[in-house]
Amino acid sequence: MSFLKSFSRKALLVSSMALSASALANEAMDLDSLLKTLESGQAAQTQQNQQREAEFKARENQQVKMLNDLKSDRNDQLNRSERMETQFEENEIKLGNLSDTLSKRMGSLKELFGVLQQASGDASSKFRTSVVSAQIPNRSDVMDEMAKKMGSTSKLASIEDIEKVWFELQREMTEQGKVTRYNTDVIVAGGEKVNKEVVRVGAFNLIADGQYLNYNPETDTISELTRQPVSRFQQSAGDLQAANSGIVDFALDPTGGSILGLLVQAPNRKEQVEQGGVVGYVILAVGALALLIALERFISLMLIGAKIKRQLKSDVAKDDNPLGRVMKVKDQYPDVAYDTLELKLSEAILREMPKITRNLTLIKIISVVAPLLGLLGTVTGMINTFQAITLFGTGDPKLMAGGISTALVTTVLGLVVAIPTVFLYTLLNTRSRNLLLILQEQSAGIIAERSEKGA
């Protein structure tokens, strides 16, 4: 009630201020009219306040009823919670008793089921990656289901389930010792699937058309290797596929594809040479030049040697060989003294020497330059390697492989060119010196003969 009285006074004050403002605006209004207006406004405000008070009391009763309903519902929920807690404790006791009873009844079977679960899990991972699954699919799913069943405390394995695990393990061991042929889809180069006859060698390799295949367990597909191993391995695969009986040599990968994957990644001769870069090609070009020169010199010296041998058997000097041309000097100067003849013969031998020793020095130079070019390639490759280390660090060895390959390959190429070139130079130089020695020997004989006549 005090709140209502205060509200009434405030409303009255507001009304008075409004009327005062109105009185100021309307100077014609007199005091009696103002008093009547205030009385009528106060009466209306009192009636409105009474109505509001009545509505508030009605709502107050409703709020009290709602409060009582909520208290009653709370008490019901508390009682229900107590009942559920009691039931939960009783169920825990029952569950513990049942678990103890189950453990006692299972006894040693619990260890058996644990071993069965482990064996099923191991067999599942083995079957998933085995190439036998390319011919006999979905074996790992059976083992996964068995492992899940053994891991559950509410399910026990039956005799049929245990025999199924034993059967799959026995079949895997049996298939590992067989060479089987069957037809299936093979993904060839280009992504096209082609139905081919596939030969499965135990649980190790798959081949088709004399080529090794790769089994992808994730997609359950068989595809040709993008790169095949060297020809001798492919030949063994072709021989095995063509054979119908007997014993055939076959390059077997006991790791199931790991060693084969490393073999196909190994670079062939052409790729190794390409790793040498520009320096490697220069070394090969220089080596080819030395080989051509050596071949030309070998043929020339062989022909010259054959002509000299024929000249040694004849007393008539001929112009088609160095010895014949040297011997003709004796006929050109029949009356000169032996010392003058010696000089003329030496001059003739000197004229023949460039024809016999031609390009031998170039072969010797190439034998010296080839290792130096290899050293140049080595230094270049190491520079590239250190640049890669500076930019990317040493975390990834593949980033440094290019520079190291250049360094090693060029060194090998330089030695490969230098070693046979030195051998060829030594062989050709010895042959040419032998030919010159024959000329000098025959020249000495002519001088001795002329000296005897002069004496």
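Please read all numbers here as calculations on a predicted model, not as lab measurements.
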After noting the C-alpha distance and the side-chain angles of F127 and L169, does the key distance pass the side chain to side chain contact (heavy atoms under 4.5 Å, CB included) rule? CA-CA 9 Å; F127 293 165; L169 292 175; 4.2 Å; yes

Under 3.5 Å: donor-acceptor pair, side chain of [X], backbone of [Y]:
X	Y	answer
S314	Q311	no
N321	G324	yes
T340	V336	no
R297	I356	yes
N429	Y425	no
S346	E342	yes
S451	A448	no
Q176	G202	no
T380	L376	yes
E352	V326	no

Hey, are the side chains of [X] and [Y] touching, using non-hydrogen atoms and a 4.5 Å cut-off?
X	Y	value
D220	Y215	yes
Q170	M173	yes
I299	L303	yes
V131	N205	no
V286	L373	yes
R181	Q241	yes
K309	I438	no
R351	E347	yes

Please find the pair of heavy atoms, one from [X] and one from [Y], that lie closest to each other, and give the distance.
X	Y	value
A134	I222	CB-CD1, 3.7 Å
L415	P420	O-CD, 4.2 Å
G377	T410	C-OG1, 3.2 Å
I308	P322	CG1-CD, 4.2 Å
V165	S120	CG2-OG, 3.9 Å
L301	L428	CD1-O, 3.7 Å

Quick one: pull up [atom1] in [X] and [atom2] in [Y] and give me the separation to the nearest 0.5 Å.
X	Y	atom1	atom2	answer
N214	S223	CG	OG	5.0 Å
T361	I366	OG1	CD1	11.0 Å
K307	L435	NZ	CG	12.5 Å
Q442	I349	CD	CD1	10.0 Å
Y333	L345	OH	CG	10.5 Å
N359	I365	CG	CD1	10.0 Å

Go through the steps for V329 and L341 under the test side chain to side chain contact (heavy atoms under 4.5 Å, CB included), then give the verdict. CA-CA 8 Å; V329 174; L341 181 61; 4.2 Å; yes

Kindly determine whether D239 and F250 satisfy side chain to side chain contact (heavy atoms under 4.5 Å, CB included), including the steps that lead there. CA-CA 8 Å; D239 294 341; F250 177 71; over 6 Å; no

Using the rule given for side chain to side chain donor-acceptor pair (under 3.5 Å), can you reason through T411 versus T378, listing the C-alpha separation, both sets of side-chain angles and the distance that settles it, and then say yes or no? CA-CA 6 Å; T411 302; T378 301; 2.3 Å; yes

More than 12 non-hydrogen atoms from neighbouring residues, nucleotides or ligands closer than 6.0 Å to [atom1] on [X], yes or no?
X	atom1	result
Q118	CD	no
Y182	OH	yes
R433	CZ	no
Q87	CD	no

My understanding is that only residues two or more places apart in sequence, or in another chain, count here; which of them pass side chain to side chain donor-acceptor pair (under 3.5 Å) with T180?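 By the side chain to side chain donor-acceptor pair (under 3.5 Å) rule, T180 matches R200.
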
Report yes or no: do S236 and D249 form a side-chain donor-acceptor pair below 3.5 Å?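 There is no such pair between these side chains.
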
Quick one: do the N183 and E197 side chains pair a donor with an acceptor below 3.5 Å?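 There is no such pair between these side chains.
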
Can R358 and E296 be said to form a side chain to side chain contact (heavy atoms under 4.5 Å, CB included), step by step? CA-CA 10 Å; R358 183 178 58 192; E296 184 272 333; 3.1 Å; yes

Any Lys/Arg nitrogen of [X] or [Y] sitting under 4.0 Å from an Asp/Glu carboxylate oxygen of the other?
X	Y	answer
E90	K94	no
E172	K126	no
R139	E175	no
R128	E218	no

Going through the distances and angles, do T221 and N216 end up as a side chain to side chain donor-acceptor pair (under 3.5 Å)? CA-CA 5 Å; T221 56; N216 189 347; 4.7 Å; no

For V188, which residues count as a side chain to side chain contact (heavy atoms under 4.5 Å, CB included) partner, sequence neighbours excluded?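 In terms of side chain to side chain contact (heavy atoms under 4.5 Å, CB included), with neighbours along the sequence ignored, V188 is linked to E192, V194, K196, E224.
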
Can you check salt bridge (Lys or Arg N to Asp or Glu O under 4.0 Å) on R80 and D76, steps first, answer last? CA-CA 6 Å; R80 182 170 176 270; D76 293 340; over 6 Å; no

V186 and its side-chain contact (heavy atoms from CB on, under 4.5 Å) partner, picked from N195, L206, L213: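 In the set N195, L206, L213, the residue that makes a side-chain contact (heavy atoms from CB on, under 4.5 Å) with V186 is L213.
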
